[in-house]
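Below is one structure, written out as structure tokens; comments come after it.
The first residue of the sequence shown is numbered 1, and numbering continues consecutively from there.
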Amino acid sequence: MSTPTEATRRPAPPDETATANRTWWDGEATSYYVEHGSFLGDTDFVWGPERLREDDAGLLGDPEGQVVLEIGAGSGQCSRWLAAHGATVVATDLSAGMVATGVAVNDALADGPDEALRVPFAQCDGRALPFADASFDTVFTAYGVVPFVADSDVVMAEAARVLRPGGRFVFSTTHPVRWSFADDPGAGGLTARHSYFDRTPYVEQDEQGRATYVEHHRTVGDRVREIAAAGLVLVDLVEPEWPEGHEEPWGGWSPLRGRVIPGTAIFVCRKPA
């Protein structure tokens with residue numbers, strides 16, 4: 001993997017974005033788990049850095065008896081939480097490294113009290129899900145896929161395709177307003193420095209100009225239009241507040257910023273029956 005030497009804003013088409021991010025997550029999977037594993041847990045379900053738990057939010061409804069697909073699952077902690085609450089779950093991720101980490105966590109649960117929480121993994125692109133139409137009651141992703149693809153409208157369409165009528169698609173992602181601010185957990189991150197309407201991707205690239213990591217921005221309106229174009233209905237938009245007593249920053253997310261501007265947006269969508 002080439003070493004990134006420059007962070008910039010420039011166009012990054014779908015294939016370049018997918019290649020860069022697959023390679024980046026392959027290389028970072030182990031260190032990401034070491035750094036954030038204790039925050040996320042192996043069998044917990046946290047929607048974002050504000051530490052809003054599904055156990056409290058209930059955005060997916062009662063898991064009991066549901067057939068659920070997680071895209072951008074990382075090490076699969078959210079899927080295991082759902083399995084513990086009676087759902088049948090498949091965890092997927094674009095990155096072979098992240099899937100391997102998830103399988104390793106599964107293996108660590110073997111022959112212990114949590115063995116039943118081991119979930120199946122599949123490596124696949126969230127823009128081309130290898131599942132039949134109307135296969136799942138619920139599809140979700142917690143900070144996976146959506147900001148890491150150039151064509152997130154395709155992700156919405158694929159989620160809608162594999163959902164059963166009446167099913168739910170829920171995704172959390174960086175709140176669009178954060179795009180305007182520096183990725184700084186301190187006071188420097190409270191000054192708007194970029195246009196909210198500038199959708200030029202954030203790109204880290206190597207000395208040859210090849211992308212090594214990419215994030216894409218969409219406005220709130222863009223997200224609503226993507227959801228509608230996929231044939232889904234937006235039923236809720238959750239903006240978690242930073243809770244009292246939570247003092248642990250995560251990158252640019254922090255108590256200082258989280259009590260002033262939203263850091264996460266959770267879109268709750270339903271496929272018409």
Side-chain angles (χ1 to χ4, degrees), residues 14-15 17-30 32-33 36-37 40-48 54 59-60 63 66-85 87-107 109 117-164 167-173 214-216 226 230 232 266-267 269 271:
D15 287 348
T17 295
T19 298
N21 285 339
R22 181 189 296 110
T23 304
W24 192 90
W25 285 107
D26 282 349
E28 293 293 322
T30 300
Y32 183 88
Y33 180 75
H36 299 297
L40 297 171
D42 289 337
T43 58
D44 201 357
F45 191 143
V46 179
W47 280 108
E54 176 60 12
L59 302 181
L60 302 185
Q66 285 200 45
V67 180
V68 182
L69 173 66
E70 181 175 9
I71 52 178
S75 61
Q77 64 277 351
C78 298
S79 287
R80 292 190 197 89
W81 183 90
L82 286 164
H85 287 76
T88 299
V89 193
V90 178
T92 69
D93 203 281
L94 175 68
S95 163
M98 294 304 282
V99 169
T101 299
V103 171
V105 174
N106 273 350
D107 291 343
L109 298 175
L117 306 187
R118 299 166 72 189
V119 294
F121 277 84
Q123 183 188 359
C124 67
D125 192 326
R127 303 172 302 155
L129 297 171
F131 304 103
D133 296 356
S135 297
F136 298 94
D137 300 307
T138 297
V139 179
F140 78 96
T141 182
Y143 268 90
V145 185
V146 174
F148 303 112
V149 296
D151 42 0
S152 49
D153 58 319
V154 177
V155 175
M156 309 293 167
E158 276 292 272
R161 179 184 65 78
V162 302
L163 270 177
R164 293 169 180 159
R168 197 177 302 199
F169 174 47
V170 184
F171 66 94
S172 64
T173 188
V214 185
E215 285 191 25
H216 289 265
E226 289 179 341
L232 299 167
I266 310 173
F267 294 81
C269 316
K271 183 174 181 176

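Shown here for Arg168 and Leu60, the closest heavy-atom pair between the two residues is NH1-C, 3.7 Å. The heavy-atom pair separating Ala132 from Ser135 by the smallest distance is O-OG, 2.5 Å. Closest approach of Ser79 and Val119 over heavy atoms only: O-CG1, 3.9 Å. Between Arg127 and Pro14, the shortest heavy-atom distance links the atoms NH1-CB, 3.5 Å. Contact detail for Val155 and Val145: the closest heavy-atom pair is CG2-CG1, 3.5 Å. Counting all heavy atoms, side chain and backbone alike, Pro63 lies closest to Trp81 at CG-CZ3, 4.1 Å.
Considering CH2 of Trp47 and CD1 of Ile266, their distance stands at 6.0 Å, rounded to 0.5 Å. Taken to the nearest 0.5 Å, the CG atom of Leu69 stands 7.0 Å off from the SG atom of Cys124. Put simply, CZ on Arg22 and CD on Gln123 are 7.0 Å apart, with the number rounded to the nearest 0.5 Å. If you take CE on Met156 and CG on Asp151, they are separated by 10.5 Å, rounding to the nearest 0.5 Å. Note that CD of Gln66 is 10.0 Å distant from OG1 of Thr88, once rounded to the nearest 0.5 Å. Remark: Thr30 OG1 to Met98 CE distance equals 9.0 Å, nearest 0.5 Å.
Under the 3.5 Å distance criterion, the side-chain polar atoms of Arg161 are left unmatched by any main-chain donor or acceptor of Ala134. Panel note: side chain Asp125, backbone Leu94; no donor-acceptor pair is recorded below 3.5 Å. Remark: side-chain polar atoms of Asn21 are paired, donor with acceptor, to backbone N or O of Val214 under 3.5 angstrom. At least one donor-acceptor pair closer than 3.5 Å links the side chain of Glu158 to the backbone N or O of Leu129. Checked by atom type and distance alone, the side chain of Lys271 never pairs as donor or acceptor with a backbone atom of Gly167 at under 3.5 Å. Listed for the Asp26 side chain is a donor-acceptor partner under 3.5 Å among the backbone atoms of Ala96. Checked by atom type and distance alone, the side chain of Asp93 pairs as donor or acceptor with a backbone atom of Ala73 at under 3.5 Å. For the pair Glu54 (side chain) and Leu59 (backbone), a donor-acceptor distance under 3.5 Å is present. A donor-acceptor distance shorter than 3.5 angstrom exists from the side chain of Ser172 to the backbone of Tyr143, with no hydrogens or angles considered. In terms of modelled atom types and a separation under 3.5 Å, the side chain of Gln77 and the main chain of Leu40 share no donor-acceptor contact.
Here the side chains of Trp24 and Phe148 are not in contact, with every heavy-atom distance at 4.5 Å or above. Using a 4.5 Å heavy-atom cutoff, the side chains of Leu109 and Arg80 are in contact. Using a 4.5 Å heavy-atom cutoff, the side chains of Phe267 and Val146 are not in contact.
Shown are Val139, Val162, Thr138; of these, the side-chain contact (heavy atoms from CB on, under 4.5 Å) with Phe169 is made only by Val139. Of the residues Val105, Asn106, Leu117, the one that meets the side-chain contact (heavy atoms from CB on, under 4.5 Å) test with Asp42 is Val105.
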Report the C-alpha distance between Phe131 and Val90 in whole Å, list the side-chain angles of each, state the deciding distance to 0.1 Å, and finish with yes or no for side-chain contact (heavy atoms from CB on, under 4.5 Å). CA-CA 11 Å; Phe131 304 103; Val90 178; 4.0 Å; yes

In sequence, state the C-alpha distance, the side-chain angles, and the governing distance for Val67 and Arg164, and then conclude on side-chain contact (heavy atoms from CB on, under 4.5 Å). CA-CA 10 Å; Val67 180; Arg164 293 169 180 159; 4.1 Å; yes

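Between the side chains of His216 and Ser152, no donor N or O sits under 3.5 Å from an acceptor N or O.
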